[in-house]
Amino acid sequence: MTLYGLTEKFWDTDELQSYLIGLCAYAAGEWPAWAPDSMYKVPSRLAGGLMGSIIMLALNILTIPEAPVVLLNLLSFAALLFLGWFLTRRLERLPKWLVWMYVLTSPWTLHFSTYIINPSFVLLGAVCFFVPWMDRTLWAGRSILDMRLAYALMGFALMWVFQVHMSWVLIGPFGIWLMLKERYTIRSFASATISFLVVQYLHPLR
Amino acid sequence: MILTLDALWNDPLGGTENNVVFNARNLLYFPEFLGRYFAMGTIEIARYTSHIELLFQQIDVQPWAVPSAVVLIIASALQVVFLVYFLLLNRDKEAQTIKRLLLISAAIVFASFLFSIKPPISYTFYFTFPLILTLSLSAYAFYIDRWRLKEWFSWIFMLSILFHLTHMLFGFNFKSIYIDRTGPAWPSNIRSTS
C-alpha cells in the first residue's frame, strides 16, 4: 500500500497543498491550525491541525519526503485491519480470503488512503465510526464491541474527520439515527462528542 | 498544552459553514448519485479515469493495460446491477435489514447534499465507504454458495492487482513524487539550512 501511495499523484494543487501544510509546520516548528481549504465557490478552510501535525510528526521521525506517506499508510492499514477483522467475524458465510482481498485491494482503498491528500485521512475516522455503528444497527442485539468502546470510537471518529474533510457532517444524521434507536445512550454519545470537540481546539504551548 | 479559545470564538469552522446552503439543483443528480453510491462498494476503477489528460497519456504508454481496465469497468457495472437485483428480487428474511439499511443510508447521504454547495460526487461521500463496502459484501454472502462467486472474484482480484501494478508503474514515471526530487523545499534541505 505504501509503495502504491508513493506512486500516486503528488504535484497537483490539492495534493501539494495538503503536503505543504505539514511541511510548513515542520519547517517553522509551529502547530498547523488549519487543514486544506475548501474553495468551491466560497473561500473557506477546515479548522484543526490533525492532518498537518501527522505530516509534521512523520517528518520529525524520518527526514525524508516519503515519511508522511509511510505514516499515513500505517494509519490506513490499521483501520483496514480493524474493518477486515470485524467483517470476517460478521460475515461468516464468506470465505476469509475473499473478505481480506476485497478490503485490502479495493480501488477505493488503494486510491484514497494511500497518498497525501485530505480525503485519504478520512478512512481511519470512517472505519472507527461505521464499525461500531453497524455493530449496533445491522447486528443489533448481537454486538461484539463493548458499548463504551463503541461510543468512544464514534466520538473519536467525529474529532478525526471534523479536521480533515467536510464529510464529517454525515456523522450527524447517522449518529442521530443510532441515538434514537438507543435512547439510553444519548448521554454517553453526547459527552464523547463534546469532549473530542474540545480536544480538537487544544494547541501546543509555545 | 493549553486550551486556546481564540480559534473557537473567532472562526470555529474556518468559513466552511458557507458551504452549507439549500441546493435544490442537486435533486437532478439523484440517478447519478445512486450509481456512484452503489459503485463505491465495487471494484470500481472509474476514479482513475477522472483526469482525462493523464488517462490518454496512460493509454499511450501502456496500451497493453487497456483490456484489464475494460474488464474491470464492466465487472464493476455488473456489481452495481447485482446490488439492484438484490434490492428488488431477494426475498430472504435475513436480507431485509441489509436492504433497508442500504436504501435508508443512500437516502440520508443524498438528502444531506440538498444542503451542500457541492454536487454529490463520489469522493465527497468517501466517508461512507466502510458502510457501503460492508453492505455489498453482506449481499454477496446470500449467493456465495449458489452462484460461482468465489471463482468470479478470484479472477477479478487477479485482474485488479494486475491493473494496479500497471497503474503504479505509470504513476512512478508520470505523476509521483519521484518525477522531481530536486526541489529546494525538501525536508532534508530545510533541516540542513535552518
Side-chain angles (χ1 to χ4, degrees), chain A residues 3-4 6-11 23 26-27 33-34 38 40-47 59 63-66 83 87 91 93-95 98-99 101-103 105-108 110-112 119 122-123 125-127 130-131 134 137-138 161 165-167 169-170 173-174 198 201-205, chain B residues 1-5 7-8 11-16 18-19 40 43-45 47-48 97-98 101 108-109 111-112 117-118 123-131 133-134 137-138 140-141 144-145 150 153 157 160-161 164 168 171-172 175-181 185-188 190-191 194:
Chain A
L3 284 177
Y4 190 83
L6 286 170
T7 62
E8 261 299 339
K9 282 186 284 187
F10 181 81
W11 300 100
L23 184 63
Y26 166 79
W34 301 96
S38 170
Y40 193 78
K41 296 183 183 172
V42 187
S44 51
R45 299 189 81 179
L46 288 159
L59 291 172
T63 317
I64 55 169
E66 292 88 346
L83 180 64
L87 291 177
L91 304 172
R93 272 189 273 185
L94 289 179
L98 193 148
V99 175
M101 282 296 284
Y102 214 112
V103 169
T105 67
S106 162
W108 278 98
L110 285 172
H111 186 73
F112 282 131
V122 169
L123 185 70
V127 169
F130 275 113
V131 166
M134 291 184 292
T137 51
L138 199 53
V161 184
H165 200 245
M166 277 293 286
S167 56
V169 293
L170 286 170
F174 283 104
V198 171
Y201 286 102
L202 279 174
H203 291 215
L205 177 64
Chain B
M1 307 254 296
I2 56 162
L3 181 64
T4 53
L5 292 173
L8 184 64
D11 198 7
L13 295 172
T16 52
N18 297 319
N19 292 301
M40 193 170 265
I43 307 291
E44 183 200 27
I45 60 161
R47 179 75 203 157
Y48 302 113
T97 316
I98 298 161
L101 208 56
I108 286 177
V109 177
S112 70
I117 200 165
K118 261 190 172 177
Y123 81 89
T124 55
F125 54 86
Y126 178 55
F127 175 69
T128 58
F129 169 65
L131 175 64
L133 180 78
T134 304
L137 284 172
S138 304
Y140 293 124
I144 196 75
D145 295 323
K150 287 177 204 165
F153 274 116
F157 288 143
S160 177
I161 290 169
H164 284 102
M168 272 175 73
F172 179 80
K175 57 181 182 177
S176 74
I177 199 169
Y178 299 104
I179 60 175
D180 182 8
R181 296 263 300 178
W186 288 124
S188 50
I190 291 170
R191 179 157 283 184
S194 62

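Throughout, protein chains are lettered first and strands after them, A, B, ... in sequence-line order, and every chain is numbered starting at 1.
B/Ile161 has its side chain within reach of A/Met101: a pair of non-hydrogen atoms, C-beta onward, lies under 4.5 Å apart. For the pair A/His111/B/Tyr123, no side-chain contact is recorded, criterion being any heavy-atom separation below 4.5 Å from C-beta on. Counting heavy atoms from C-beta outward, A/Trp108 and B/Glu44 have side chains that approach closer than 4.5 Å. Considering only heavy atoms from C-beta on, A/Leu6 comes within 4.5 Å of B/Tyr178 through its side chain. A heavy-atom distance below 4.5 Å is found between the side chains of B/Phe157 and A/Leu98.
Contact annotation for B/Leu133: only side-chain heavy atoms (C-beta onward) come within less than 4.5 Å of a heavy atom of chain A. In this structure, the portion of A/Val161 lying under 4.5 Å from any heavy atom of chain B is its side chain and not its backbone. Heavy atoms closer than 4.5 Å to chain B are found in the side chain of A/Leu87, but not in its backbone. Contact annotation for A/Leu91: only side-chain heavy atoms (C-beta onward) come within less than 4.5 Å of a heavy atom of chain B.
Shown here for A/Pro95 and B/Lys150, the closest heavy-atom pair between the two residues is CG-CE, 3.8 Å. When all heavy atoms of A/Thr105 and B/Ser160 are compared, the pair lying nearest together is O-OG, 3.9 Å. Scanning all heavy atoms of the two residues, the minimum distance from A/Phe10 to B/Ser176 falls at CB-C, 4.0 Å.
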*Could you walk me through whether A/Phe130 and B/Phe127 pass the ring-ring contact (aromatic ring centres under 6.0 Å, His included) test, one step at a time?*
CA-CA 9 Å; A/Phe130 275 113; B/Phe127 175 69; 5.2 Å; yes
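Among B/Ile108, B/Ile144, B/Leu131, the residue with the largest count of heavy-atom pairs under 4.5 Å with chain A is B/Leu131. No other option in B/Thr124, B/Thr97, B/Val109, B/Thr134 has as many heavy-atom pairs under 4.5 Å with chain A as B/Thr134. The greatest number of non-hydrogen atom pairs below 4.5 Å with chain A, out of B/Ala111, B/Ser138, B/Ser112, is found for B/Ser138.
Between A/Tyr102 and B/Tyr140, the ring-plane angle classifies as tilted under the 30° and 60° cut-offs.
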